[in-house]
Asks: 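Structure incoming, see below.
Below, each value reflects all heavy atoms present in this structure, side chains not excepted, and no hydrogens, waters or symmetry copies.
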Amino acid sequence: RYNRYMVANISTAKYLEGDQGLSEKIVLLLDEASSSPARAHLREDWFHTVVQVGDVVHIPIMESSSNDIIIDNSQGYFIIHPDRLISSTAVAESFFCLRKSVLQQKIKSLGDYSEALVHGNLIHRIVQNALRSNDFSHEGLMEEARRVVQSSLEELLAIDQDENTALNILEKTISYIQSFGETYVGSQPKPNAIVASDIGPNIAVTLGCKNVAITGVLDVEEHLWSPTYGLKGMVDVSIEMAMQPSHKTMTIPLELKTGKSSRFISHRAQTILYTLLMSDRYDVDITAGALYYCRTNSLYMIEATRNDVRGLVMARNRLASAMQNRHTLPAMIKNLHSCQHCAMNDVCLLFHKSIENGDGSSSGLSGWFDMKTNHLNDNAAAMFRHWQRLIDLEEDDIDYIRRDIWRLPAELRELSGRCWNDMVFDQSQSNSSKSVVCFRRDTGFTENISMATSNISVGDPVVISSTAGHINLGMGFVLRLDQDSVQINLTSPLRRTPQRRDDFQADIRQVFVNNGQITKYRIDKDEMASGMALMRRNLVTLFAREEDNGDVKRRRLIVDRIKPSFVPIPPVKMPPTLNPAQQNAVEKVLSAKDYAIILGMPGTGKTTTTAHIIKALVERNKSVLLTAYTHSALDNVLVKVRESGIDVLRLGNPEKLTLPACVGPLRYADVFVLVGDQYQLPPLVRDDIARENGLQKSLFGLLAGAHPEAIAFLEYQYRMNEDIMTLSNTLVYDSKLKCANKSVANRQIELPQYREVLTKIHESGSSCAKQPCWIEQALDPR
């Protein structure tokens, strides 16, 4: 289904169109599965496609079985880097600024909590839920508004708005939503359910849809990946729509817009791209979409014409090629008005100065550029450039692995330990809210492979797909795992696979039903490529100026490496269970004005000490934010904290976190504490070059090396007797590690039936009876 070709050679030639010789680009291809050759002739608009030897491309299935494939304005598509799934929204926006679209893909945006955006999201949810329940009564909509507001208190708090104010504002839109439902929702199109035609082409004739009705809702917020077209996106509502006078019922995407229609062009492009995504998911040719503007109660039908789709696929290819070049960004548009109002301007200018060595003149933005970047000295620019390059290298490796979710058969990927194949949904072990789901091996699974021995562990992110090829039906994290079943905590709802109704006809009646048919699933370990985008955003925040929400205090501490300050504190009453080193660590944290580092060597009680630190801080009316590398590391601390009667949120293992990953949560704290051991496991980095150049350097190691005076050493260990401790103490810890007491130092293993078992082994004729017994030498306490 997702057959790929490797570009082996590129040449240009002439072909005859009537009596006129026209240019074509001939791309020699090698089928990656069969190694058989093919030739793609890129003609007309496709001639200008930027493609290089070594690129991977995809050609969606065409009727011709020839190895000479002609792709021109009337037939075929040529997808470059198809395994790089590009956001449909980014493609639609790329016509205005390609650089912005690349940056939006590379860097995770922080939540924008403007009133317009928050209320737009609330209205989206009200409309979506009303469509699901088919209840557009005033009472039903108001009740839905109250439920949505109660579940969005965090967003409302961010814009300093209470529930009653939000409800009063939303109530003004209820009449519009009610009118939408009364007009456009029903079993048949109503006479007043007219398709708007004041903007864009009037497609009532070509689509046969002067009047329309939403007759069914297939899904809401449907998260779609399309390896066929190299796209991804979130469809607001997937619907079945009846059209008059054509008497057709078609499956289409419905996009809801709560803002103005002034961005109709990009909204239209986005809707067309969603038709491609849905075509791939529903296995049917979807030729149109609907675009609804709540403010004006206007519904537009958007036809996915060949010309429009071709132009958007080409725009997607340009964006994919720009993103493939990791270390170079597209040129700036150098338009002061547009750049000043761009949501990505802080990122764009930071990259231009630090990575592209740009200035006010080269940016075309003169004094405004200087004002936004003058706070960056040469050292800061060099550090930003260094870390961004390392993230780029690591991201290459993650992308390479993630594509195997759709390119490798599940049977083969399971052999590498990164997939579970032939899984079925287990309703009995899934919770009623459907946020936790359980899957078991299908009874027909014959391979003797235990799920517990795979490379997927509790806490790992996973992607759920059907074995029939429907990619990403759900995402989540492994919650529990045994030999033949797994429980997953979902981060996106589990979608059903599309099942066609008995009276389905692709041209006139695209109708689906959930008939309870058993679906077999594959569950793949996800590589969380979005983590790279979050790392970049953390770095941008660290280096941005204060007026742009930059973290100036942390930049001075981490980038400029200024000395952290400590203040004298009155004597602290310590529990007798803490040893002197642990007591010193608590005092070190309480006296810190910037940060403190606790280096806990093996078995020295890092978890216990951390819990006591939290208790001491809470007693001083401090709020504490805890972060951790793993769920288990976090839970071990929280168990002890809860024993102290403290209400908890969720500190962990910062020695395992790279600097870009660790600095994100720190901006929310006045003082931060790093607890760990830099001599144990370093951060996990896949790319060899990135690792060798320092991406595995943790924030813990960076600050501990710069300011050892900030370290409190936990040196008394309770885990090993003196002989065992000597090995790591001599090789790693410079003899700083000590046994906590004589009992620990002299501890020996107790095996009550050791002699009896050893005798039985020797009597059984074991070869060790004829020579010094290695078991006896290893276990005999004498």
Asks: Is a donor on one side and an acceptor on the other found under 3.5 Å between the side chain of S226 and the backbone of L277?
Replies: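 Checking the backbone N and O of L277 against the side chain of S226, no donor-acceptor pair under 3.5 Å is found.
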Asks: How long is the gap from NZ on K257 to CG on D236, to the nearest 0.5 Å?
Replies: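 It comes to 6.5 Å.
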Asks: Using atom types as modelled and distance alone, determine if a side-chain donor or acceptor of D548 lies under 3.5 Å from a backbone N or O of R545.
Replies: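 The answer is no, because no donor-acceptor pair under 3.5 Å joins these two groups.
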Asks: Which atom pair, heavy atoms only, marks the closest approach of W420 to V486?
Replies: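 The answer is CZ3-CG2, 3.7 Å.
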Asks: May I ask you to test the F351-I107 pair for a side-chain heavy-atom distance under 4.5 Å?
Replies: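 When only atoms from C-beta onward are counted, I107 and F351 do touch, with a gap below 4.5 Å.
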Asks: Using the ring of each side chain (for Trp, its six-membered ring), is Y595 parallel, tilted or perpendicular to F672, with breaks at 30° and 60°?
Replies: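 Y595 and F672: parallel rings.
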Asks: Before you tell me yes or no, could you show the steps for D404 and R418 under salt bridge (charged side-chain N to carboxylate O under 4.0 Å, His left out), namely the whole-Å CA-CA distance, both residues' side-chain angles and the distance that decides it to 0.1 Å?
Replies: CA-CA 10 Å; D404 288 345; R418 309 186 75 83; over 6 Å; no
Asks: Within this structure, what is the NZ-CD1 distance for the pair K525 and I456, rounded to the nearest 0.5 Å?
Replies: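 One finds 7.0 Å between NZ of K525 and CD1 of I456.
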Asks: Does S416 use its side chain to pair, donor to acceptor, with the backbone of R413 at less than 3.5 Å?
Replies: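 At least one qualifying donor-acceptor pair exists.
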Asks: Would you indicate whether the side-chain heavy atoms of V624 and V641 approach each other to under 4.5 Å?
Replies: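 Side-chain contact under 4.5 Å: no.
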Asks: Please examine the side chains of W368 and C339, heavy atoms only from C-beta on, and report whether any two atoms are closer than 4.5 Å.
Replies: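 Result yes, sub-4.5 Å side-chain heavy-atom pair found.
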Asks: Taking all heavy atoms of L376 and all of S354, pick out the closest pair and write down the distance.
Replies: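 Closest approach of L376 to S354: CD1-OG, 3.8 Å.
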Asks: Show the nearest heavy-atom pair for residues D526 and I405, with the distance to one decimal.
Replies: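 Result for this residue pair: OD1-CD1, 4.2 Å.
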Asks: To the nearest 0.5 Å, how far apart are CD in E222 and CG in L473?
Replies: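 Separation between the atoms: 9.0 Å.
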Asks: Do side-chain atoms of S88 reach the backbone of Q270 as a donor and acceptor pair under 3.5 angstrom?
Replies: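 A pair under 3.5 Å: no.
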Asks: Go through K606 and D677 one step at a time and tell me if the salt bridge (charged side-chain N to carboxylate O under 4.0 Å, His left out) criterion holds.
Replies: CA-CA 9 Å; K606 292 188 287 291; D677 181 1; 5.5 Å; no
Asks: What's the verdict on side chain to side chain contact (heavy atoms under 4.5 Å, CB included) for S435 and L490, showing C-alpha distance, side-chain angles and the deciding distance?
Replies: CA-CA 5 Å; S435 60; L490 294 175; 5.5 Å; no
Asks: Does either side chain, that of D280 or that of T228, offer a donor lying less than 3.5 Å from an acceptor on the other one?
Replies: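 Yes - a donor-acceptor pair under 3.5 Å links their side chains.
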Asks: Can a salt bridge be assigned to the pair D524 and R402 using a cut-off of 4.0 Å between side-chain N and carboxylate O?
Replies: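 No salt bridge links D524 with R402.
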Asks: Take F95 and L312 through the side chain to side chain contact (heavy atoms under 4.5 Å, CB included) test and state the conclusion after the steps.
Replies: CA-CA 9 Å; F95 292 96; L312 288 168; 3.6 Å; yes
Asks: Please determine if D392 and R385 form a salt bridge, counting it only when a charged side-chain N lies under 4.0 Å from a carboxylate O.
Replies: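 Between R385 and D392 there is no salt bridge, as every charged N stays at least 4.0 Å from the carboxylate O atoms.
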Asks: Rounded to the nearest 0.5 Å, what separation is found between the CG atom of N472 and the CZ atom of R281?
Replies: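 If I round to the nearest 0.5 Å, the distance is 6.5 Å.
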Asks: Taking all non-hydrogen atoms of both residues, which atom of E255 and which atom of T271 are closest, and how far apart?
Replies: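 Scanning both residues completely, I find the closest heavy atoms to be CG-OG1, 3.8 Å.
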Asks: Show the nearest heavy-atom pair for residues P660 and L539, with the distance to one decimal.
Replies: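 Taking P660 first and L539 second, the nearest heavy atoms are CB-CG, 4.1 Å.
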Asks: After noting the C-alpha distance and the side-chain angles of D359 and S362, does the key distance pass the side-chain hydrogen bond (donor to acceptor under 3.5 Å, both in side chains) rule?
Replies: CA-CA 5 Å; D359 54 25; S362 61; 3.2 Å; yes
Asks: Donor-acceptor check, side chain of R99 to backbone of P330, threshold 3.5 angstrom: yes or no?
Replies: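 Yes: the side chain of R99 pairs with the backbone of P330.
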Asks: With sequence neighbours excluded, what pairs up with Y229 under the ring-ring contact (aromatic ring centres under 6.0 Å, His included) test?
Replies: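 By the ring-ring contact (aromatic ring centres under 6.0 Å, His included) rule, Y229 matches no residue at all.
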Asks: Can you tell me if CZ on R561 sees more than 12 non-hydrogen neighbours from other groups inside 6.0 Å?
Replies: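 Check passes, neighbour count above 12.
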Asks: Measure from the side-chain N and O atoms of N538 to the backbone N and O of V663, and report whether any donor-acceptor pair falls under 3.5 Å.
Replies: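 Pair absent, no side-chain N/O of N538 close to backbone of V663.
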Asks: Side chains of L156 and V149: closer than 4.5 Å at any heavy-atom pair?
Replies: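 The answer is yes, as the side chains (C-beta and beyond) meet within the 4.5 Å cut-off.
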Asks: Output, in order, the C-alpha distance, side-chain angles, deciding distance and verdict of side chain to side chain contact (heavy atoms under 4.5 Å, CB included) for C348 and L103.
Replies: CA-CA 7 Å; C348 177; L103 289 172; 3.8 Å; yes
Asks: Please confirm whether the backbone N or O of I562 pairs with a side-chain atom of D560, one donor and one acceptor, at under 3.5 Å?
Replies: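 Side chain of D560 to backbone of I562, a donor-acceptor pair under 3.5 Å: no, none is there.
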Asks: Between atom CD of Q388 and atom CZ of R536, what is the distance when rounded to the nearest 0.5 Å?
Replies: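 One finds 6.0 Å between CD of Q388 and CZ of R536.
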Asks: Without hydrogens or angle criteria, can the side chains of H119 and T258 be said to hold a donor-acceptor pair below 3.5 Å?
Replies: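 There is no such pair (donor and acceptor under 3.5 Å, judged by atom type) between the side chains of H119 and T258.
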Asks: Quick check: does any side chain N or O of H124 sit under 3.5 Å from a backbone N or O of G120, one acting as donor and the other as acceptor?
Replies: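 Here the side-chain-to-backbone pair exists.
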Asks: Quick one: do V675 and V637 satisfy side chain to side chain contact (heavy atoms under 4.5 Å, CB included)? Show the steps, please.
Replies: CA-CA 12 Å; V675 184; V637 177; over 6 Å; no
Asks: Would you check if V540 and F384 make a side-chain contact, meaning some heavy-atom pair closer than 4.5 Å?
Replies: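 When only atoms from C-beta onward are counted, F384 and V540 do touch, with a gap below 4.5 Å.
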Asks: Is any side-chain heavy atom of R403 closer than 4.5 Å to a side-chain heavy atom of R4?
Replies: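 Answer no - side chains too far apart.
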Asks: Does some side-chain heavy atom of R318 sit less than 4.5 Å from a side-chain heavy atom of V50?
Replies: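 SC-SC contact between V50 and R318 ruled out.
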Asks: Are there over 12 heavy-atom neighbours, none belonging to E221, within less than 6.0 Å of that residue's CD?
Replies: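 Counting neighbours around CD of E221, more than 12 heavy atoms of other residues, nucleotides or ligands fall under 6.0 Å, so yes.
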Asks: Counting distance only, does the side-chain N/O of R316 pair as donor-acceptor with the main-chain N or O of G230 below 3.5 Å?
Replies: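 Confirmed, R316 side chain pairs with G230 backbone.
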Asks: Is S492 reaching over with its side chain to a backbone N or O of M475, donor-acceptor style, under 3.5 angstrom?
Replies: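 Indeed, once roles are kept as given, a pair shorter than 3.5 Å links the two residues.
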Asks: Charged N to carboxylate O below 4.0 Å: is that the case for E155 and R125?
Replies: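 Salt bridge flag = no for R125 with E155.
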Asks: Is the closest side-chain heavy-atom distance between F96 and I333 below 4.5 Å?
Replies: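 SC-SC contact between F96 and I333 ruled out.
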Asks: How many angstroms lie between atom CG of L674 and atom CD1 of I598, to the nearest 0.5 angstrom?
Replies: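 If we round to the nearest 0.5 Å, L674:CG and I598:CD1 are 9.0 Å apart.
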Asks: Please indicate whether E547 has more than 12 foreign heavy atoms, meaning atoms of other residues, nucleotides or ligands, lying under 6.0 Å from its CD.
Replies: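 Above 12, so yes.
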Asks: Locate the shortest heavy-atom distance separating K353 from N374; write the atom from each residue and the value.
Replies: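 Closest approach of K353 to N374, heavy atoms only: NZ-CA, 4.0 Å.
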